[in-house]
Visitor: 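For reference, the structure I am asking about is given below.
In what follows, chains carry the letters A, B, and so on, assigned in the order in which the sequence lines appear, proteins first and then strands, with residues in each chain numbered from 1.
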There are 2 protein chains.
Amino acid sequence: MLEKDLRERIKEVAVDHFNNNGYHGTTIRNIANDVNCSLPMIYYYYNNKKELFDEIIKKEYFDLLKRQAALLKTDNIIDFYTKFVYDLNSLSNYDKKVYRLGIKVYLSFDGDEELMEIMDEWEKTILPRHYQLLKPYLKNADNDMAIVRTLVHLLESLIESIVVKNRFLPEEEIREEISIVLRGCE
Amino acid sequence: MLEKDLRERIKEVAVDHFNNNGYHGTTIRNIANDVNCSLPMIYYYYNNKKELFDEIIKKEYFDLLKRQAALLKTDNIIDFYTKFVYDLNSLSNYDKKVYRLGIKVYLSFDGDEELMEIMDEWEKTILPRHYQLLKPYLKNADNDMAIVRTLVHLLESLIESIVVKNRFLPEEEIREEISIVLRGCE
DNA sequence: CTTTTCGCCTAACGTTCGTTAGAATTATAT
DNA sequence: ATATAATTCTAACGAACGTTAGGCGAAAAG
């Protein structure tokens with residue numbers, strides 16, 4: 001037994017390859033090479049290529065999302081969202097790659113119909129969840145929902161910068177932008 | 001000679017395939033099948049697969065971007081940005097697919113190093129360009145640049161909804177969100 | 001001590017890929 | 001009419017792909 005469980009190491013390397021080369025550009029041989037194991041070992045732990053890909057999205061990605069969504073919320077809504085985004089900067093490389101891969105599937109740039117449906121289900125929960133979070137701070141104006149939508153759009157773009165484009169975003173910049181959208185709230 | 005130039009038809013079908021299946025998931029055989037021509041005809045007009053992909057990004061995508069960027073600007077900045085985004089809804093299917101493919105490369109979900117460098121060069125021009133547009137409407141506050149950044153982030157997310165996720169966004173929703181970011185300007 | 005199970009391997013299967021050789025057909029020019 | 005050039009084809013190349021058959025050695029179970 002090497003440093004880590006072989007099954008885990010395969011998945012880690014697979015995340016890397018799927019990320020860099022997409023589903024079709026990734027070969028089992030290349031994964032096996034980087035893991036330093038023989039080719040059929042991949043099939044010993046995963047039935048086939050698709051199952052390996054699916055496990056990364058269904059388990060790793062959604063676990064990560066749920067961990068993120070369960071973050072504690074402070075009493076200041078701007079602080080909360082700022083921290084929520086800023087903390088993505090210090091995600092582990094593995095988590096960042098899983099996140100990136102998930103977004104790729106979310107935008108239907110990779111994966112298949114089945115995964116897309118799961119993503120659609122998740123997406124439906126996004127707006128209501130943030131509406132609940134923001135509710136106490138909204139002034140029951142006629143554009144409350146527009147503010148929630150705008151914030152979610154901003155968050156998506158910020159997350160993409162950090163996770164997909166692999167940029168570092170300073171806390172102050174994040175706070176400024178979120179404050180612009182939420183100015184007037186609290 | 002059929003309805004259209006064969007070279008053009010190959011490119012059209014290729015855009016579709018690269019879009020649906022990515023670079024590695026696309027095969028020259030499948031393209032030839034859908035074009036209803038023999039396989040080597042692709043090689044008659046394009047030296048290889050990569051050249052076909054590159055032409056779509058380098059010519060079609062950037063032509064589209066430049067067309068977009070050259071849009072006339074009205075005297076009302078919110079009207080202008082609203083129209084800018086809303087008009088994406090009625091892009092032709094071909095243009096939408098080209099746009100989508102370009103964003104895929106922009107996010108380095110497809111394509112290679114060389115295309116990424118071209119994308120990076122383009123990206124550098126985005127913030128300054130919108131700063132110039134917004135300048136007359138900004139009140140020289142200390143968060144002027146933050147407003148520009150926020151707007152660009154919002155635009156990116158709105159564009160992605162329409163072009164990548166293929167949603168229809170109503171003009172009123174777009175206007176509301178842009179107004180939230182630009183409230184105070186003009 | 002024997003037998004079964006587990007983790008891992010070498011070698012190969014059949015298929016599909018990008019690409020090309022070489023020839024047939026059609027259009028253009030002389 | 002004849003020569004040249006532009007399109008298009010059938011057929012195949014070698015390489016790489018996902019996947020599997022079958023066996024080896026060590027550990028665990030009886």
Visitor: Is the phosphate of dT8(D), meaning OP1 or OP2, less than 4.0 Å from a side-chain N or O of Tyr45(B)?
Guide: yes

Visitor: Quick check for you: among dT19(D), dT20(D), dT8(D), whose closest atom lies nearest to any side-chain atom of Leu6(B)?
Guide: dT8(D)

Visitor: Measuring from the side chain of Met41(A) (C-beta onward, heavy atoms only), which nucleotide among dG7(C), dG18(C), dT10(C) has the closest atom?
Guide: dG7(C)

Visitor: For Leu39(A) and dG18(D), what is the distance between atoms CG and C1' respectively, to the nearest whole Å?
Guide: 8 Å

Visitor: Any salt bridge linking Lys58(B) with Glu55(B)? Criterion: basic side-chain nitrogen under 4.0 Å from a carboxylate oxygen.
Guide: no

Visitor: Which listed nucleotide (dT10(D), dT19(C), dC17(D)) is nearest to the side chain of Arg29(A)?
Guide: dC17(D)

Visitor: Can you measure Asn36(A) atom CG to dC9(C) atom C1' for me and round it to whole angstrom units?
Guide: 14 Å

Visitor: May I have the distance from Tyr46(A) (atom OH) to dT20(D) (atom P), rounded to whole angstrom?
Guide: 17 Å

Visitor: Verify the contact: side-chain N or O of Tyr44(B) to OP1 or OP2 of dT8(D), cut-off strictly under 4.0 Å; return yes or no.
Guide: no

Visitor: Rounded to the nearest Å, what distance is computed from the CG atom of residue Asn21(A) to the C1' atom of nucleotide dC17(D)?
Guide: 14 Å

Visitor: Please give, in whole Å, the distance from dG18(C) C1' to Asn48(B) CG?
Guide: 9 Å

Visitor: Using only side-chain N and O atoms of Tyr43(B), determine if any of them is under 4.0 Å from OP1 or OP2 of dT19(C).
Guide: yes

Visitor: Find the distance Glu51(B):CD to dT19(C):C1' and express it as a whole number of Å.
Guide: 14 Å

Visitor: The side chain of Asn30(A) is closest to which nucleotide in this list: dC17(D), dT19(C), dC9(C)?
Guide: dC17(D)

Visitor: Is the closest side-chain donor-acceptor distance between Glu123(A) and Tyr106(A) under 3.5 Å?
Guide: yes

Visitor: Over how many whole Å does the gap from Asn33(B) atom CG to dC9(D) atom P extend?
Guide: 12 Å

Visitor: Does either side chain, that of Tyr99(A) or that of Gln68(A), offer a donor lying less than 3.5 Å from an acceptor on the other one?
Guide: no

Visitor: Do Asn21(B) and His24(A) have side-chain N/O donor and acceptor atoms under 3.5 Å apart?
Guide: no

Visitor: How are the rings of Phe80(A) and Phe84(A) set to each other: parallel, tilted or perpendicular (split at 30° and 60°)?
Guide: tilted

Visitor: Measure from NZ on Lys49(A) to P on dC17(D) and round the result to the nearest Å.
Guide: 9 Å

Visitor: Ser38(A) side chain: which of dT10(D), dC9(C), dC17(C) is closest?
Guide: dC9(C)

